[in-house]
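Position 1 is the first residue of the sequence; numbering continues from there.
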Amino acid sequence: MLVYYIFTKDMVQKAVKLETSYLAERRKEAQPDGTLREMLQELIMHEKHDILFKRLMNDAHAQVVLNMSSNLLVDTPTDMQAVLVEFPDFRQDRDFCLFLNMHADWPMQYKKSVDIKLQQYLVDYICYRWLETKSPKDAATYYSRLDDTIFDVRRLLVRKKNPLKIMPSFP
């Protein structure tokens, strides 16, 4: 069964901007004169950083694909001509597209959970890379989430409706 995950660039960019905005509101920097300076301009990833955002999103996409089992991966509309008429033309390669060929025994109930975890991974990865030099402590927080999130995705993708039954090894 074919399962697809599509995250538009605009949707991910809004989520990253929102995440970094919340972080910037919580961070204030003490000035030598004793006043507090808000970190809004330094920490928020605005739309003016579009080229960097696209590069970081491509990096995140590569990390996701690298962590997927190769027997699940299917050609996406960005890899071939747009022959699938029910989908928009994604050949511009702006968006995150992941098409997976799941086994027939995979519960579709997990699709939403995988969708949420993939989006979380993309946002955390981009925030981690964005904050590496600006706020290393916050970047470490986002980085610490990445392994657990991609592990959860891989765990959800191998689940089955009927678990594998192992026969005893004795005669």
Side-chain angles (χ1 to χ4, degrees), residues 2-31 36-70 72-100 111-154 156-157:
L2 182 66
V3 178
Y4 58 90
Y5 298 96
I6 299 173
F7 301 101
T8 64
K9 173 193 165 284
D10 298 332
M11 182 185 75
V12 175
Q13 194 169 28
K14 282 180 189 174
V16 168
K17 183 178 179 182
L18 185 65
E19 185 77 23
T20 55
S21 297
Y22 288 151
L23 178 66
E25 286 178 12
R26 290 189 302 264
R27 298 287 179 259
K28 301 205 185 292
E29 189 174 87
Q31 296 295 311
L36 294 177
R37 180 175 64 100
E38 291 190 11
M39 301 290 291
L40 291 176
Q41 297 307 315
E42 289 83 10
L43 296 181
I44 297 176
M45 187 173 212
H46 294 284
E47 291 83 7
K48 66 182 179 183
H49 304 291
D50 199 37
I51 295 170
L52 177 62
F53 174 82
K54 182 59 180 157
R55 186 172 63 82
L56 295 178
M57 187 166 159
N58 285 338
D59 287 349
H61 189 159
Q63 288 297 319
V64 168
V65 171
L66 184 65
N67 282 289
M68 288 293 132
S69 176
S70 60
L72 295 179
L73 295 174
V74 178
D75 290 337
T76 63
T78 59
D79 302 329
M80 58 188 177
Q81 291 185 0
V83 294
L84 305 170
V85 294
E86 66 268 18
F87 300 113
D89 186 3
F90 290 105
R91 285 177 289 171
Q92 297 172 359
D93 201 23
R94 293 180 61 233
D95 305 316
F96 176 92
C97 299
L98 182 66
F99 283 52
L100 301 175
K111 184 177 185 327
K112 181 72 174 172
S113 298
V114 172
D115 191 59
I116 292 165
K117 288 293 186 180
L118 283 174
Q119 183 177 1
Q120 177 186 348
Y121 185 86
L122 292 173
V123 171
D124 286 349
Y125 185 86
I126 293 168
C127 288
Y128 149 66
R129 292 291 308 275
W130 170 251
L131 296 169
E132 271 181 320
T133 57
K134 298 173 183 334
S135 178
K137 194 178 214 180
D138 293 319
T141 302
Y142 287 105
Y143 182 76
S144 68
R145 298 180 192 169
L146 295 177
D147 287 338
D148 291 340
T149 305
I150 203 69
F151 180 73
D152 289 344
V153 169
R154 289 196 329 242
L156 286 167
L157 291 176

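- Taking CG of Leu122 as the start and CG of Asp59 as the end, the distance is 11.5 Å to the nearest 0.5 Å.
- Interatomic distance, Leu118 CG to Ile150 CD1, rounded to the nearest 0.5 Å: 6.5 Å.
- When all heavy atoms of Asp95 and Lys9 are compared, the closest pair comes out as OD1-N, 2.7 Å.
- Closest approach of Glu47 to Gln13, counting heavy atoms only: CA-NE2, 3.8 Å.
- Nearest heavy-atom pair, Gln119 versus Ala15, reported as atom, atom and distance to 0.1 Å: NE2-CB, 4.3 Å.
- Put simply, the side chain of Ile44 does not reach to within 4.5 Å of the side chain of Leu23, judged on heavy atoms.
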side-chain contact (heavy atoms from CB on, under 4.5 Å) between Tyr143 and Leu146, worked out: CA-CA 5 Å; Tyr143 182 76; Leu146 295 177; 3.9 Å; yes

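- Side chain of Lys111 to backbone of Tyr5: no donor-acceptor contact under 3.5 angstrom is found.
- The side-chain contact (heavy atoms from CB on, under 4.5 Å) with Leu100 is formed by just one residue from the set Val114, Leu157, Val74, Leu2; it is Leu157.
- Considering only heavy atoms from C-beta on, Arg55 comes within 4.5 Å of Leu52 through its side chain.
- Counting only heavy atoms from C-beta outward, the side chains of Phe96 and Val64 approach each other to under 4.5 Å.
- Here the CD atom belonging to Glu132 is positioned 12.5 Å from the CG atom belonging to Asp138, to the nearest 0.5 angstrom.
- With a 4.5 Å cut-off on side-chain heavy atoms, His61 and Val65 count as touching.
- Between the side chain of Asn67 and the backbone N or O of Gln63, at least one donor-acceptor pair lies under 3.5 Å.
- Distance check, rounded to the nearest 0.5 Å: CZ of Arg154 to CG of Leu72 gives 11.5 Å.
- Atom-to-atom distance recorded for Leu131:CG and Thr141:OG1 is 9.5 Å, nearest 0.5 angstrom.
- Shown are Tyr142, Phe53, Tyr121; of these, the side-chain contact (heavy atoms from CB on, under 4.5 Å) with Ile126 is made only by Phe53.
- Counting non-hydrogen atoms of neighbouring residues, nucleotides and ligands closer than 6.0 angstrom, the CG atom of Leu66 exceeds 12 such neighbours.
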Residues Val153, Met68; criterion side-chain contact (heavy atoms from CB on, under 4.5 Å); working and verdict: CA-CA 9 Å; Val153 169; Met68 288 293 132; 3.5 Å; yes

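- The nearest pair of heavy atoms linking Leu43 to Trp130 is O-NE1, 2.7 Å.
- Nearest heavy-atom pair across Thr149 and Lys117 is CG2-O, 3.2 Å.
- Between Phe7 atom CZ and Asp115 atom CG the span is 4.0 Å, to the nearest 0.5 Å.
- Nearest heavy atoms, Lys134 versus Glu42: CD-O, 3.1 Å.
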